[in-house]
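When reading the values below, keep in mind they use all heavy atoms of this one structure, side chains included, and skip hydrogens, waters and symmetry mates.
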Amino acid sequence: MNMKSFFIATLFIVLCTSVSAQQYRSDVKIDGLRGNVNVVDQTLYEAKVYDGQMQRGEVLEHIQTLYTSRGYRKSMTYLSTAEDIIFRTRYKHDGFGLVTLEHIVDPAENIIGRTYYIYDQNNILTESYVEDAERQTESRIRYKYNGNGQVSQLSFNDPFNNIYKREVYTYAPNGEIRIAVVYDSENHKVFERRYEYDEHNQPVSYTLYDYTEVEPEVFITLYRYRYDDQGNWVQRTEYTLEGDKATPNYIVERKLTYF
């Protein structure tokens with residue numbers, strides 16, 4: 001899996017975890033964390049193999065996420081390899097603890113983007129939209145739910161409210177997302193993603209079916225974890241599976257601080 005595919009897969013996991021239930025949960029739980037987490041310091045490395053031993057290579061991404069003692073997501077900071085701030089996302093919540101606004105700020109704390117979250121009278125997320133620094137709408141996402149309160153479909157809209165992509169989700173009986181099918185603006189299936197999970201509800205295999213080419217392609221990614229005594233993973237290694245050979249691509253390490 002290349003770098004672009006890695007971020008697509010990661011964003012998919014985060015997005016689906018974040019919107020998979022109607023009822024209020026703390027951001028800590030939405031982010032799949034256990035315990036009273038204060039800080040998650042996460043670094044993405046390229047995986048290298050030397051003399052048969054896997055090692056961390058170049059730093060590709062560094063993110064620090066801060067939570068309040070009530071489990072609210074306070075900020076998420078993207079850092080350069082020199083530990084300089086690239087940009088930061090700050091979160092605002094309403095009286096129910098639901099995220100209503102994200103401010104994206106530059107190193108000088110100037111607002112360079114906003115994401116708004118819209119809920120109905122039952123506090124169910126129905127829409128989110130992104131604005132640029134000039135307050136122009138860049139894109140929208142609209143949410144549909146199944147009878148169990150799980151997101152059944154995401155519709156991705158351009159600034160003119162034209163749908164350019166839809167994602168439709170199928171769940172296992174225990175609530176885990178098993179299948180996601182992606183359709184383009186003409187309702188053609190372009191991707192299908194299938195997940196398998198471990199006992200900690202973390203994905204251990206990710207199979208991508210790519211229908212954008214004349215001959216459909218299949219890509220398989222494996223994830224392996226190390227956990228702390230709270231049940232939160234502190235290291236995740238990603239492998240590309242080709243035949244019987246698993247090639248390591250990335251290592252993600254997390255340092256968790258608890259209240």
Side-chain angles (χ1 to χ4, degrees), residues 10-44 61-79 83 85-107 109-131 141 143 145 148-151 154 171 174-177 197 199-203 225-236 252-259:
T10 302
L11 286 171
F12 170 77
I13 295 171
V14 173
L15 178 62
C16 291
T17 301
S18 300
V19 298
S20 60
Q22 294 182 5
Q23 301 300 319
Y24 166 72
R25 296 183 298 157
S26 68
D27 292 331
V28 165
K29 290 184 178 180
I30 288 173
D31 292 344
L33 298 167
R34 303 179 182 184
N36 200 10
V37 177
N38 180 202
V39 181
V40 177
D41 190 302
Q42 177 172 305
T43 305
L44 168 68
E61 182 183 70
H62 186 188
I63 304 173
Q64 291 178 340
T65 306
L66 275 63
Y67 300 88
T68 70
S69 59
R70 299 181 64 185
Y72 297 167
R73 201 181 302 110
K74 185 177 180 180
S75 66
M76 182 179 291
T77 303
Y78 289 76
L79 301 166
E83 300 299 304
I85 295 175
I86 302 174
F87 67 90
R88 174 179 287 136
T89 301
R90 297 191 180 279
Y91 300 86
K92 291 189 176 182
H93 298 74
D94 66 10
F96 296 98
L98 300 169
V99 176
T100 58
L101 174 62
E102 297 176 10
H103 278 149
I104 302 174
V105 299
D106 65 15
E109 294 294 316
N110 299 308
I111 297 175
I112 57 176
R114 298 170 175 85
T115 301
Y116 293 88
Y117 295 86
I118 310 300
Y119 302 84
D120 66 12
Q121 65 273 18
N122 296 314
N123 290 331
I124 298 172
L125 180 64
T126 59
E127 182 179 344
S128 61
Y129 63 95
V130 177
E131 289 182 346
I141 301 176
Y143 305 77
Y145 298 83
N148 296 321
Q150 300 160 321
V151 171
L154 296 180
Y171 294 81
N174 62 0
E176 294 172 344
I177 295 173
Y197 298 81
E199 66 277 9
H200 295 274
N201 299 320
Q202 295 296 331
Y225 301 88
R226 284 198 298 106
Y227 293 90
D228 66 11
D229 56 9
Q230 296 282 332
N232 294 312
W233 65 266
V234 292
Q235 184 183 82
R236 182 180 71 202
V252 184
E253 294 189 349
R254 301 199 303 188
K255 297 178 182 178
L256 282 78
T257 303
Y258 298 87
F259 284 101

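- Two residues are said to be in side-chain contact when any heavy atoms from C-beta on lie closer than 4.5 Å; Leu79 and Ile85 meet this criterion.
- For the side chain to side chain contact (heavy atoms under 4.5 Å, CB included) test, residues two or more places apart in sequence or in another chain that qualify with Leu101 are Lys92, His103, Arg114, Tyr116.
- Between Arg236 and Arg254 there is no side-chain heavy-atom pair separated by less than 4.5 Å.
- Between His93 and Tyr91, the angle of the ring planes lies from 30° to 60°, which puts this pair in the tilted group.
- Between the CG atom of Asp229 and the CZ atom of Arg34 there is a distance of 12.0 Å, given to the nearest 0.5 Å.
- Under 3.5 Å, the side chains of Thr100 and Tyr119 contain no donor-acceptor pair of N or O atoms.
- Taking the side chain as every heavy atom from C-beta outward, Asn36 and Tyr67 never approach each other to under 4.5 Å.
- Going from atom OG1 of Thr68 over to atom NZ of Lys74 covers 8.0 Å, rounded to the nearest 0.5 Å.
- With a 4.5 Å cut-off on side-chain heavy atoms, Tyr225 and His200 do not count as touching.
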Give the intermediate values and the outcome of side-chain contact (heavy atoms from CB on, under 4.5 Å) for residues Val234 and Tyr227.
CA-CA 5 Å; Val234 292; Tyr227 293 90; over 6 Å; no
Would you please test Arg90 and Ser75 for side chain to side chain donor-acceptor pair (under 3.5 Å) and show each step?
CA-CA 4 Å; Arg90 297 191 180 279; Ser75 66; 5.1 Å; no
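- Looking only at side-chain heavy atoms (C-beta outward), Asp106 and Phe87 stay at 4.5 Å or farther from each other.
- Considering Asn38, Val37, Val39 in turn, Asn38 is the only one that fulfils the side chain to side chain contact (heavy atoms under 4.5 Å, CB included) rule with Phe259.
- Residue Gln42 comes nearest to Trp233 through the heavy atom pair OE1-CH2, 4.0 Å, listed as atom of the first residue, atom of the second, then distance.
- Salt-bridge annotation for Glu102 and Arg73: absent, with no side-chain N of the basic residue lying under 4.0 Å from a carboxylate O of the acidic one.
- Tyr143 and Glu127 make their closest contact through CD1-N, 3.5 Å (heavy atoms, listed as atom of the first residue, atom of the second, distance).
- Within the 4.5 Å cutoff, side-chain heavy atoms of Leu256 are placed close to those of Leu33.
- Looking at heavy atoms from C-beta onward, Asn148 lies out of side-chain contact with Tyr171 at the 4.5 angstrom threshold.
- The shortest distance between side-chain heavy atoms of Tyr117 and Leu125 falls below 4.5 Å.
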